[in-house]
Asks: 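Can you read through this structure? Questions will come right after.
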Amino acid sequence: MSKIGPNQPCPCGSGKKYKKCCFMTGGLPVASPRKQRQVARPRSYEEIAAEIPDTSPYGIARDVQEEVLEAGHWPGDRPIMMCEVAELSTDEILNRLSGLGIDISQEQFVAAARGKRSAWELSRLWRSSIPGDRPRDHDFAALAICQLWKRWCPDPPSMEMVDDWMAEGYECLEDGDTASACEHWWKVWQVLRGWLTPEMRTFASAESA
């Protein structure tokens, strides 16, 4: 039986892409929804991204947020959304992280972020203390670290900040504001240009850097 790709219509008949429907709640890409495996708990953004080529956990989090905001609901236990974490004050974020056993100061954070590009990757440094069977806690901690990067050391910007600017540019374009879209994408290019080196002669070499 042929497998269902992440961008194909979901076999459950919802009309949504498979990656934004049953795949998010634990279904495997098989031809019939009756054959889909259901897991005992929701999966983390990281677990989902690991099964979709060329997709980041932060990108999955953005997909989920768009789906929830558009539909107004989410099947089953809804994951933590990016906007929910962004609405928290820094003290609230730190208190919730402390409840997960993650205690961190701004000085420690800035030192740990030095020389890195991805806040999500940085979050693994602290998320290692969270049990693996608590996906919502992992998702919150990762999104919290992404948010703290924006607040505590926005220069240089993280890969997640660049991803936000790309998405904001597309939103401006959809609204017919081409000038603002180009402003966002110009910021993206200024960052990416700094990451490129003369040794990067192919797209593959640039992506692996």
Side-chain angles (χ1 to χ4, degrees), residues 5-7 17 19-20 44-66 79-86 88 90 93-94 97 102 104-128 130 138-175 177-209:
N7 290 311
K17 290 183 179 180
K19 70 178 183 181
K20 289 190 175 183
S44 69
Y45 293 135
E46 205 157 75
E47 291 172 313
I48 296 169
E51 298 184 20
I52 304 180
D54 303 319
T55 303
S56 69
Y58 196 74
I60 293 295
R62 185 183 302 284
D63 284 346
V64 168
Q65 177 166 288
E66 291 178 356
I80 299 291
M81 292 199 302
M82 300 161 66
C83 61
E84 293 174 324
V85 180
L88 297 174
T90 300
I93 289 176
L94 294 177
L97 287 176
I102 300 173
I104 183 172
S105 68
Q106 183 171 354
E107 292 73 17
Q108 291 172 323
F109 187 96
V110 173
R114 190 173 295 119
K116 295 182 174 59
R117 294 179 181 172
S118 170
W120 198 284
E121 291 295 326
L122 177 64
S123 75
R124 293 195 175 104
L125 175 67
W126 294 289
R127 287 192 290 124
S128 59
I130 302 176
H138 278 271
D139 287 344
F140 174 79
L143 291 174
I145 297 303
C146 291
Q147 190 61 222
L148 289 177
W149 188 309
K150 296 177 184 179
R151 301 180 186 186
W152 281 350
C153 51
D155 188 19
S158 66
M159 292 177 63
E160 291 74 22
M161 293 172 63
V162 173
D163 186 271
D164 286 340
W165 295 340
M166 282 292 295
E168 289 165 7
Y170 282 114
E171 289 175 4
C172 290
L173 193 64
E174 290 178 359
D175 293 337
D177 189 352
T178 305
S180 295
C182 290
E183 288 178 5
H184 286 299
W185 293 337
W186 175 243
K187 288 198 301 182
V188 170
W189 168 242
Q190 287 179 308
V191 175
L192 295 182
R193 184 176 57 181
W195 292 348
L196 300 176
T197 67
E199 293 74 27
M200 296 176 185
R201 303 298 182 93
T202 65
F203 285 116
S205 62
E207 290 175 352
S208 62

Asks: Could you pull out the closest heavy-atom pair between P156 and W149, with the gap in Å?
Replies: O-NE1, 3.1 Å
Asks: Ignoring hydrogens, what is the shortest heavy-atom contact between I104 and Q108? Give both atom names and the distance.
Replies: CA-OE1, 3.4 Å
Asks: Taking atom CZ of F140 and atom OH of Y45, what is their separation to the nearest 0.5 Å?
Replies: 12.5 Å
Asks: List the residues meeting salt bridge (Lys or Arg N to Asp or Glu O under 4.0 Å) with K150, not counting sequence neighbours, and say none if there are none.
Replies: D164
Asks: Using side-chain contact (heavy atoms from CB on, under 4.5 Å) as the criterion, list what pairs up with R151, not counting sequence neighbours.
Replies: T90, I93, Q147
Asks: Does the pair M82 and Y58 meet the rule for a side-chain contact (heavy atoms from CB on, under 4.5 Å), with working shown?
Replies: CA-CA 9 Å; M82 300 161 66; Y58 196 74; 3.2 Å; yes
Asks: Distance from E84 atom CD to L88 atom CG, nearest 0.5 Å?
Replies: 8.5 Å
Asks: Quick one, W120 and M159 - any side-chain contact, counting heavy atoms below 4.5 Å?
Replies: no
Asks: Is there side-chain contact between T55 and I48, with at least one heavy-atom pair below 4.5 Å?
Replies: no
Asks: According to side-chain contact (heavy atoms from CB on, under 4.5 Å), who are the partners of C83, at least two apart in sequence or on a separate chain?
Replies: Q65, M81
Asks: Sequence neighbours left out, what passes salt bridge (Lys or Arg N to Asp or Glu O under 4.0 Å) with D163? Give chain and number order.
Replies: R62
Asks: Mind checking the CH2-OG spacing from W126 to S128? Nearest 0.5 Å is all I need.
Replies: 10.5 Å
Asks: Where do V162 and V191 come nearest, in terms of heavy atoms and distance?
Replies: CG2-CG1, 3.7 Å
Asks: Which atom names give the shortest non-hydrogen contact between M200 and W195, and what distance separates them?
Replies: CE-O, 3.3 Å
Asks: Listed by chain and number, what are the salt bridge (Lys or Arg N to Asp or Glu O under 4.0 Å) partners of E183, not counting sequence neighbours?
Replies: none
Asks: Of all heavy-atom pairs between L122 and A112, which one has the smallest distance, and what is that distance?
Replies: CD1-O, 3.5 Å
Asks: Does a side-chain N-to-carboxylate-O contact under 4.0 Å join R127 and E46?
Replies: yes
Asks: Nearest 0.5 Å, what's the OG-CG distance between S123 and L97?
Replies: 10.0 Å
Asks: Of all residues at least two apart in sequence or in a different chain, which pass the side chain to side chain donor-acceptor pair (under 3.5 Å) check with S118?
Replies: E160
Asks: Between the main-chain N or O of I80 and the side-chain N or O of D139, is there a donor-acceptor pair closer than 3.5 Å?
Replies: no
Asks: Please test E199 against T197 for side chain to side chain donor-acceptor pair (under 3.5 Å), starting from the C-alpha separation and ending with a verdict.
Replies: CA-CA 5 Å; E199 293 74 27; T197 67; 3.1 Å; yes
Asks: Give the ring-plane orientation class for W152 versus F109, where under 30° counts as parallel, over 60° as perpendicular and anything between as tilted.
Replies: perpendicular
Asks: Provide the closest heavy-atom pair for A141 versus I102 in the form atom of the first, atom of the second, distance.
Replies: CB-CD1, 4.1 Å
